[in-house]
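Here is how names work: the chains are called A, B, and so on, in the same order as the sequence lines, proteins then strands, and each is numbered from 1. Here the structure is a predicted model, which is why all the values come from computation and not from measurement.
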There are 2 protein chains.
Amino acid sequence: MSEKDSCIVRHFCHYSQLGADEKELLMSLEKGPVSLSAHEVLWEEGDLAGELCTISAGWAYSYRNIDDGSRQVLDVFLPGDVIGLREFAFTRRLSGVVMLTDGVVCRFPHRNIVDIFERSTRLTSIFFSISGRQQMMLTERLVNLGRRNAFEKTAHMVFELYCRLKRIDPDLGLSFELPLSQQIFADALGLSSVHVSRTFTELREENLLIRDRNRITILDEKRLESVAGFSEGYLEESLQSVLPEADLPGA
Amino acid sequence: MSEKDSCIVRHFCHYSQLGADEKELLMSLEKGPVSLSAHEVLWEEGDLAGELCTISAGWAYSYRNIDDGSRQVLDVFLPGDVIGLREFAFTRRLSGVVMLTDGVVCRFPHRNIVDIFERSTRLTSIFFSISGRQQMMLTERLVNLGRRNAFEKTAHMVFELYCRLKRIDPDLGLSFELPLSQQIFADALGLSSVHVSRTFTELREENLLIRDRNRITILDEKRLESVAGFSEGYLEESLQSVLPEADLPGA
DNA sequence: CGTAGGGTTGATAGTTTTCAAGTACAGTGG
DNA sequence: CCACTGTACTTGAAAACTATCAACCCTACG
């Protein structure tokens with residue numbers, strides 16, 4: 001993996017080593033990066049769905065609006081993530097996506113994914129893994145919403161984001177920026193924003209973490225992980241069992 | 001689609017028409033069907049994950065056990081469904097799978113999926129769509145757990161199963177077998193079984209549906225759908241936008 | 001006839017929401 | 001530098017929802 005590898009290439013290398021030709025194929029997806037500001041909309045529920053995108057800088061989230069005026073946040077996307085994968089075979093968007101911070105995304109049509117299916121089994125397997133990993137994160141969220149109380153839910157969400165951020169930046173310390181309002185936490189966890197506020201107060205009183213503005217400071221990593229019922233397994237994966245490593249003339 | 005098409009072939013035909021060679025490739029996955037009885041375990045959390053399977057008859061469900069002794073049901077699988085897709089790139093199972101009724105499943109190693117990646121772009125796209133559809137169902141469940149009360153949750157779950165059953169059997173009427181105990185409903189919806197009981201009573205008093213033993217009778221389909229906040233979109237998909245139809249010499 | 005599993009019902013306790021009022025802070029324009 | 005404004009957050013009290021515990025019923029089945 002060289003310095004000039006793009007964000008998506010670095011992301012894919014988590015799964016399997018890539019040959020030079022595969023990197024090239026992959027980078028062809030990342031043509032035309034577009035800068036977006038915080039709060040800008042990538043797409044809305046009901047829009048035609050013909051493309052997906054990668055987010056190479058900044059944060060975003062996806063959500064569904066509910067009839068009664070509330071909404072459910074479905075995913076939080078970090079740099080390197082692929083957005084819109086699950087709508088591959090759908091005509092219209094079933095969830096909206098909005099930037100949380102300024103950032104850069106690269107859009108490409110669904111058709112390009114099919115090109116990859118035709119040209120690289122390894123990249124196909126990786127896309128398939130990413131889809132599986134997104135499913136795993138969703139099932140973990142299902143557990144979080146179904147079987148944990150507000151205290152545990154909140155601890156879990158913070159800890160998951162902490163782990164995902166550390167995968168992107170291994171140097172991340174125990175204090176880091178987390179640009180999510182309490183309302184976003186509430187909409188992701190199925191709580192009211194008022195209760196999220198009380199819950200962060202409680203987490204501070206328990207000396208587990210401090211949230212001040214958009215900064216999280218983890219005070220007791222081990223105990224936070226334990227309170228959250230967190231087990232990292234669902235974020236960890238590899239294709240080694242399925243794919244042989246590439247012989248890498250041009251890695 | 002001919003009479004002798006296997007269950008998985010019929011299921012895949014929902015997405016795109018298949019050529020004879022593709023059908024054959026697909027059916028090679030369904031070698032060695034195994035009969036299982038109700039309550040039999042396909043695999044448990046922590047088992048090595050090297051294969052997936054299709055369920056060609058009967059019902060199953062997947063679940064995660066929680067430290068505190070409760071559990072979360074993640075999916076309910078009906079005939080034709082693919083089980084274990086999200087663990088494709090994982091070494092170990094992160095959820096257990098158990099039969100709800102007697103049934104028949106076909107196991108095959110992950111490696112066979114990669115073979116399909118190598119040999120048919122169309123089938124690859126379909127597998128990818130199925131993975132996307134499973135994600136869509138999970139996000140719908142997320143909304144259900146996060147933003148609906150017990151009454152709406154239960155209505156939604158019943159209605160989703162009703163729709164999925166009708167896709168398998170278009171002749172399905174408003175009264176049908178649903179082999180899920182109230183405890184399973186509870187574990188799927190993040191409720192206590194006691195409250196599920198009260199909720200079904202309430203649904204009956206509202207003349208929406210009757211649950212007697214394992215039989216559901218829908219009394220007011222339109223109002224049930226509306227109470228549930230149900231919109232079928234997340235179950236509907238096709239690959240027509242992405243893939244041309246096959247020319248079908250041997251369909 | 002006895003038993004076990006699943007389901008129902010009532011009383012009580014715990015968790016979370018809602019409503020309402022107030023605080024803190026960043027950005028703006030004077 | 002200051003007042004003004006909007007957004008995010010905090011706090012309290014009351015209401016709504018759901019869990020828990022315990023007792024009981026019902027039915028299939030040996």
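At whole-Å resolution of the value, CG in A/N214 and C1' in C/dC25 are 13 Å apart. A straight line from CG of A/D68 to P of D/dC17 spans 13 Å, rounded to a whole angstrom. B/Q182 places its CD atom 13 Å from the P atom of D/dA19, with the value rounded to the nearest Å. For the pair B/L180 CG and C/dG6 P, the interatomic distance rounds to 13 Å; values are reported in whole Å. Counting to the nearest Å, the P atom of D/dA19 and the CG atom of B/D187 are 11 Å from each other. Between the CZ atom of B/F200 and the P atom of C/dT8 there is a distance of 9 Å, rounded to whole Å. If you measure from atom CG of A/L203 to atom P of D/dT10, you get 12 Å, rounded to the nearest angstrom. For the pair B/Q183 CD and C/dA4 P, the computed distance is 19 Å after rounding to whole Å.
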How would you summarise protein contacts on nucleotides 23-30 of chain D per nucleotide, using B for base, S for sugar-phosphate only and - for none, with heavy-atom distances below 4.0 Å? ----SS--
How does protein reach along nucleotides 14-21 of chain C, written 5' to 3' as B (base within reach of a heavy atom under 4.0 Å), S (only sugar-phosphate), or - (no contact)? --SBBB--
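Taking a cutoff of 4.0 Å between a charged side-chain nitrogen and a carboxylate oxygen, A/E45 and A/R93 do not qualify as a salt bridge. A salt bridge does not link B/E160 to B/R167: none of the charged nitrogens lies less than 4.0 Å from a carboxylate oxygen. For A/D187 and A/R71, the salt-bridge test passes: some basic side-chain N is under 4.0 Å from an acidic carboxylate O. In summary, B/R64 and A/E140 engage in a salt bridge, as defined by a charged side-chain N under 4.0 Å from a carboxylate O. Using a 4.0 Å cut-off between a side-chain N of Lys or Arg and a carboxylate O of Asp or Glu, B/D81 and B/R164 qualify as a salt bridge.
One N or O on the side chain of A/T101 and one on the backbone of A/W59 form a donor-acceptor pair closer than 3.5 Å. Between the side chain of B/E87 and the backbone N or O of B/L94, at least one donor-acceptor pair lies under 3.5 Å. Remark: the backbone N or O of B/F77 is not paired with any side-chain donor or acceptor of B/D75 at under 3.5 angstrom.
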Please report the C-alpha distance between B/E221 and B/Y162 in whole Å, then the side-chain angles of each, then the deciding distance to 0.1 Å, and finally whether the side-chain hydrogen bond (donor to acceptor under 3.5 Å, both in side chains) criterion is met. CA-CA 10 Å; B/E221 185 177 358; B/Y162 168 62; 3.2 Å; yes
